[in-house]
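Structure first, then comments.
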Number of protein chains: 2
Amino acid sequence: MVRAGLTVDRLTMAGAELADEVGVENVTVAALARQFGVKDASLYFHLKNAHDLRVRIALLALAELADRVAAALAGRAGKDALVAFANAYRDYAREHPGRYAAMQIDLDPQTAAASAGVRHAEMTRAILRGYRLAEPDQTDAVRMMHSTFHGFVSLERTGGFRHTPRATDDSWSRTLDALDAVLTNWPSR
Amino acid sequence: MVRAGLTVDRLTMAGAELADEVGVENVTVAALARQFGVKDASLYFHLKNAHDLRVRIALLALAELADRVAAALAGRAGKDALVAFANAYRDYAREHPGRYAAMQIDLDPQTAAASAGVRHAEMTRAILRGYRLAEPDQTDAVRMMHSTFHGFVSLERTGGFRHTPRATDDSWSRTLDALDAVLTNWPSR
DNA sequence: CCGTTTGCCTAAGATGGCTAGGCTACTACC
DNA sequence: GGTAGTAGCCTAGCCATCTTAGGCAAACGG
């Protein structure tokens, strides 16, 4: 009897692939076990439970996305950086819808603090160096940017823009123009 | 043997309440049946299946939210209307997290077209009358607004802003200021 | 008051999450 | 190279949920 060679990492990877194919909600311990040709119960040697699996997928996705964004950001500043960040974010979400959805699950505070989510925050803040915003405006701007990106990508994915013919790519680039404009000229109190 | 008096509406209502209490993912046919003191199977006389239940909750939430927004919008224009819309939206999401989450499930195109989601789109567009934007800028602006609202609310709910001490209420109102600014001065190509 | 419809029931299969406990392949160490 | 010991997977079995099929009783219309 040959062993399947399960590891937490392989399971997480396979789970991430599965998520992109069939959606996070269908990433089940049973389905994963089937893929590896083992019994469900065997996975519990590596995973605490089903939720643990999804959290791991989320953390993987956060790290992958952070890497992409970091690469996109290298050597850029100002609007150039803003657009590169935004496109990296959106592209990742479209290539990996399941992983992106997995990223949305609630992480408990400590897990979140140890995740690549903090890198996202740092990088977002780095973009703002090109726009010379002082606190607390900087924090507000970071939150607005993040909201816009996440909101757009998430609405696009769930078909929220379907009812209007206008190409979403165009709306996206105009939204980035608008974001650049408002960051350049952040309204003072 | 007294009948429980189940109806689709009562089930949907109860499901919505349940969603706010324990989250949509825990709105199960079984749990709902328990609440009404009937057997699981009985619900299938009124509901097609579990997904049908969640869709109905989503449609209920969309309609409720549209009503609220309509009320908030009455007699307002310009930034006043923008802020009223945004606050109605955010308040609803915070009072009814489960229903808000339910709203995010994919509706098939026909269902979506027959939902109160179209009222949302109309009302969002109505706000822009105060900002004198022609197409296609109007569509782009509608999408950006919607993205910002949804993104902010959704990140706030999943704790995406937790890592920075700044009060989210403040960031919210500054984000609305910024949105107003960019709508007032929409960047031309 | 009697048939028809409506509303809820029991029964039962499928799938998934998870635990307890057993057996076997590897690994390390003498 | 034998032999602990541990790591990896298995069987068995429980409970919850979803769903279908078919039965029976309450409500209601004529």
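Every chain is numbered from 1 and lettered A, B, ... according to where its sequence line falls, protein lines coming before strand lines.
Taking a cutoff of 4.0 Å between a charged side-chain nitrogen and a carboxylate oxygen, B:Arg119 and B:Asp67 qualify as a salt bridge. Salt-bridge annotation for A:Glu135 and A:Arg125: present, with a side-chain N of the basic residue lying under 4.0 Å from a carboxylate O of the acidic one.
Residue A:Tyr44 has its side chain nearest to C:dG17 when only C:dG17, D:dC10, D:dT17 are considered. Considering only the side chain of A:Ala50, C:dC18 comes nearest among D:dC9, C:dC18, C:dC9. Comparing C:dT10, C:dA20, D:dC9 against the side chain of A:Ala41 picks out C:dA20 as the nearest.
The nearest whole Å value for the distance from the NZ atom in A:Lys48 to the P atom in C:dG17 is 15 Å. Put simply, CG on A:Leu47 is 10 Å from P on C:dC18, counting in whole angstrom units. Computed from coordinates, the B:Asn49 CG to D:dT19 P distance equals 5 Å when rounded to whole Å. Between B:Leu53 atom CG and D:dT19 atom P there is a gap of 10 Å when expressed in whole angstrom units. Taking atom CG of residue B:Leu43 and atom C1' of nucleotide C:dT10, one finds them 15 Å apart after rounding to whole Å. Following rounding to the nearest Å, B:Phe45 (CZ) and C:dC9 (P) show an atom-to-atom distance of 12 Å. We find that CG of B:Asp52 is positioned 17 Å from C1' of D:dT17, with the value rounded to whole Å.
Taking CE of A:Met123 as the start and CG of A:Leu73 as the end, the distance is 7.0 Å to the nearest 0.5 Å. To the nearest 0.5 angstrom, A:Thr12 atom OG1 is 8.0 Å from A:Asp52 atom CG. Of the inter-residue distances, the one linking A:Trp186 atom CH2 with B:Arg174 atom CZ reads 7.0 Å to the nearest 0.5 angstrom.
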Applying side chain to side chain donor-acceptor pair (under 3.5 Å) to B:Ser154 and A:His150, what does each step give before you reach the verdict? CA-CA 9 Å; B:Ser154 141; A:His150 170 56; 2.9 Å; yes

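Residue contacts shown for B:Asp40 include a base, since a base heavy atom lies under 4.0 Å away. Contacts of A:Arg10 with the nucleic acid, taken as non-hydrogen atoms under 4.0 Å apart, are absent.
Remark: A:Arg68 fails to qualify as a cation-pi partner of A:Tyr92 under the 6.0 Å distance and 45° angle criteria applied to the six-membered ring.
OP1 or OP2 of C:dG16 has at least one side-chain nitrogen or oxygen of A:Arg34 nearer than 4.0 Å. Between B:His46 and C:dC8 there is a side-chain polar atom (N or O) within less than 4.0 angstrom of OP1 or OP2. Contact between the side-chain N/O atoms of A:Ser42 and the OP1/OP2 oxygens of D:dC10 is found at a separation under 4.0 Å.
Within residues 25-32 of chain B, the residues that place at least one heavy atom under 4.0 Å from DNA chain D are, in residue-number order, B:Thr28, B:Val29, B:Ala30.
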